[in-house]
Amino acid sequence: MPVSTKRKIVQIDEEKCNGCGLCIPNCAEGALKIIDGKARLVSDIYCDGLGACLGHCPMDAITIIERAAEEFDEEEVKKYLSQEAGEDTMEEYLNKNIKDIINQFPEVGKILDKYGIGCTACSLGSCLFKDIIEIHNLAPDAEVELMYEIEKAIFPGKPVKKRAPKEKSVKPQGEIKYSPPIKKLVDEHVLIKRLIALIDPLCEFINKSKEVDSKLVLDCVDFIRSYADKYHHMKEEDVLFKKTGEGLDIIKVMLEDHVTGRNHIKQVVEGAEKKNKQQIIEHIQGYKELLTQHIKKEDEILYPWIDRGLSTADVGRLYEEFNQKDATLPGDFEKKYEDLVAKVEGILKKGRE
Amino acid sequence: MDHGHSGCPGSRMEDFRGKDEAGSDDAGKRASQLKQWPIQLHLISPMAPYYQKADVLLSADCVAYTAGDFHKDYLKGKSIAIGCPKLDEGQEVYSEKVTSLIDDAKINTLTVMTMQVPCCAGLVAIAQEGASKAKRKIPIKSIVLSLQGEVLSEDWVS
């Protein structure tokens, strides 16, 4: 247990502090940092209570008070400052886009792959490195390892230390917990995944049959266009992505997936009309691959990341807006498409027997 | 452990006087974040203007005394109603008021804050019962505090 004695130490008035940062370079110990827009004392042990920071505060927000605090620790300050200096060099890379880093250091792509972060395969890849770390929300241990390996790859030969991850508001948990509006989207994925699971049996069925059962194919298309695209994607495109900002790379990737999916389905319809087996199979398989990845990305990465940024009030408004969107469709809409999936499941099961 | 005197965890005596006070700060003042009166669930009217479309906090009585920063961390930006699911009379009115807050005041969200003691969970049950009778559906969050004010769990319950 560290010793706590009454001594001089700085105090920052949060109300007065405007987060200008003028105090920061004047603290030789690096004890002050701007966190969430306010100057804050990183740790009591880095503050010597001298008050060099005081005179530089235009808002008069910093005062020296006497209170019980852990002793000032010069050794710890030295360690801390050398760590911070290391962080600065990585800081530059954290603000670069990931494709550039991977191009410059191919090893980084392999390391990301190892941690299940698929930036090498991404079509855009212009996310900033720091955003990728935030979006993926790895367990603290894994994040430390990942950053350590990447730093070693970027600075070969430089002694690299493992650093504690940045403080996160929400610690990753074993099971992902979604807020009610996001849970609704995840639940919709469940029915969509049930249809996707039917695509392989459907292709088998088409291959075996003499003539293409256009009606069956078009039933699946109806589900994809009405349930997956209209009902589900409209909540994302008209509400959710509008809130997160459509300019974000991760959202652009999702929107691009939606467009690619629609193009595949257009080809499937054309194939069904022409009774062209190959065209149907090629594009419905393309859709299957696309959506499987798309749903996985949303459930595991995008939605949890969006959720972490939502306040309680945001959650309520999002829920209300989703409900309003759903209310524009007929009352039996969900039931109708659940029945449709069950029907197709029945037909294909029979076809296999 | 002496089970002979333990009895109901809701009323079992505990002494926290030895608790480390390093986290306390006597300097500075905070303004109250309460923007309404009354607050007791029997006394409030769901028709009051400060409940309309609000984010509402339904808090067990003891919560405000255990959470050191109750005003800053939980009350700020919300309208409130309080009650005790263990001792209060006439609790069927409570769930009716929750229904009315949802349907008439059209509240945005409901956050239920309770203590870790088992009987306090009754307040979450009251909220859920009230919500199940409402025509509108809203997100409901349950936050459970330990006797010393730490958050033990924070979950969306509907």
Side-chain angles (χ1 to χ4, degrees), chain A residues 1-7 9-17 38 40-41 43-45 61-71 169-171 173 175-184 186-187 303-304 307-308 310-324 326-327, chain B residues 18-31 33 50-59 69 71-80 101-103 105-113 127-128 131 134-143 150-158:
Chain A
M1 187 72 199
V3 198
S4 191
T5 49
K6 205 157 188 180
R7 68 172 179 94
I9 192 160
V10 301
Q11 169 160 285
I12 302 155
D13 186 331
E14 267 190 35
E15 302 280 310
K16 284 188 187 167
C17 175
K38 301 276 174 191
R40 288 177 215 270
L41 189 57
S43 165
D44 286 358
I45 60 168
I62 313 180
T63 45
I64 298 281
I65 55 154
E66 276 209 19
R67 68 165 165 86
E70 267 182 65
E71 304 244 16
S169 51
V170 181
K171 292 273 175 288
Q173 288 147 340
E175 192 190 340
I176 303 169
K177 288 183 188 172
Y178 302 102
S179 69
I182 301 295
K183 180 75 173 35
K184 191 166 176 28
V186 174
D187 288 346
Y303 290 168
D307 236 348
R308 289 197 295 277
L310 296 177
S311 68
T312 302
D314 290 338
V315 166
R317 282 191 288 265
L318 197 55
Y319 196 71
E320 178 69 19
E321 283 182 59
F322 282 177
N323 284 342
Q324 280 168 9
D326 288 351
Chain B
K19 199 179 156 191
D20 185 15
E21 282 174 27
S24 72
D25 183 353
D26 295 334
K29 277 192 176 175
R30 281 189 203 283
Q33 294 296 336
Y50 38 75
Y51 288 124
Q52 309 310 309
K53 299 195 171 172
D55 292 293
V56 174
L57 181 62
L58 177 61
S59 175
D69 272 324
H71 284 251
K72 169 172 89 68
D73 293 344
Y74 305 108
L75 182 55
K76 193 174 181 181
K78 296 200 179 77
S79 296
I80 189 171
L101 281 168
I102 296 172
D103 279 344
K106 300 197 164 36
I107 61 172
N108 189 41
T109 56
L110 185 65
T111 302
V112 188
M113 283 189 80
Q128 284 175 315
K135 287 181 210 76
R136 282 178 77 237
K137 291 278 162 268
I138 58 158
I140 298 177
K141 183 187 262 188
S142 163
I143 301 177
E150 306 139 329
V151 175
L152 292 177
S153 68
E154 185 169 342
D155 294 302
W156 291 101
V157 290
S158 88

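So that the names make sense, note that chain A is the first sequence line, chain B the second, and so on, each numbered from 1.
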Between B/N108 and A/A313, which heavy-atom pair has the shortest distance, and what is it?
ND2-O, 2.9 Å

Shortest non-hydrogen contact from A/Y178 toward B/W156
O-CD1, 4.1 Å

Once you round to the nearest 0.5 Å, how far does CD of A/E15 lie from CZ of B/R30?
7.5 Å

Within a 6.0 Å radius of atom NZ on A/K183, are there more than 12 heavy atoms belonging to other residues, nucleotides or ligands?
no

Closest approach of B/T111 to A/T312 (non-hydrogen atoms, all atoms of both residues):
OG1-CG2, 3.8 Å

Interface moiety of B/S158 toward chain A, non-hydrogen atoms closer than 4.5 Å
backbone

Output yes when A/E320 and B/K106 qualify as a salt bridge under the 4.0 Å nitrogen-oxygen rule, no when they do not.
no

From A/N323 atom CG to B/K137 atom NZ, the distance as rounded to the nearest 0.5 Å:
9.5 Å

Minimum heavy-atom separation for B/P139 and A/P180, please, with both atom names.
CB-CG, 3.6 Å

Reported CG-to-OG1 distance for the pair A/L318 and B/T109, which is rounded to 0.5 angstrom:
12.5 Å

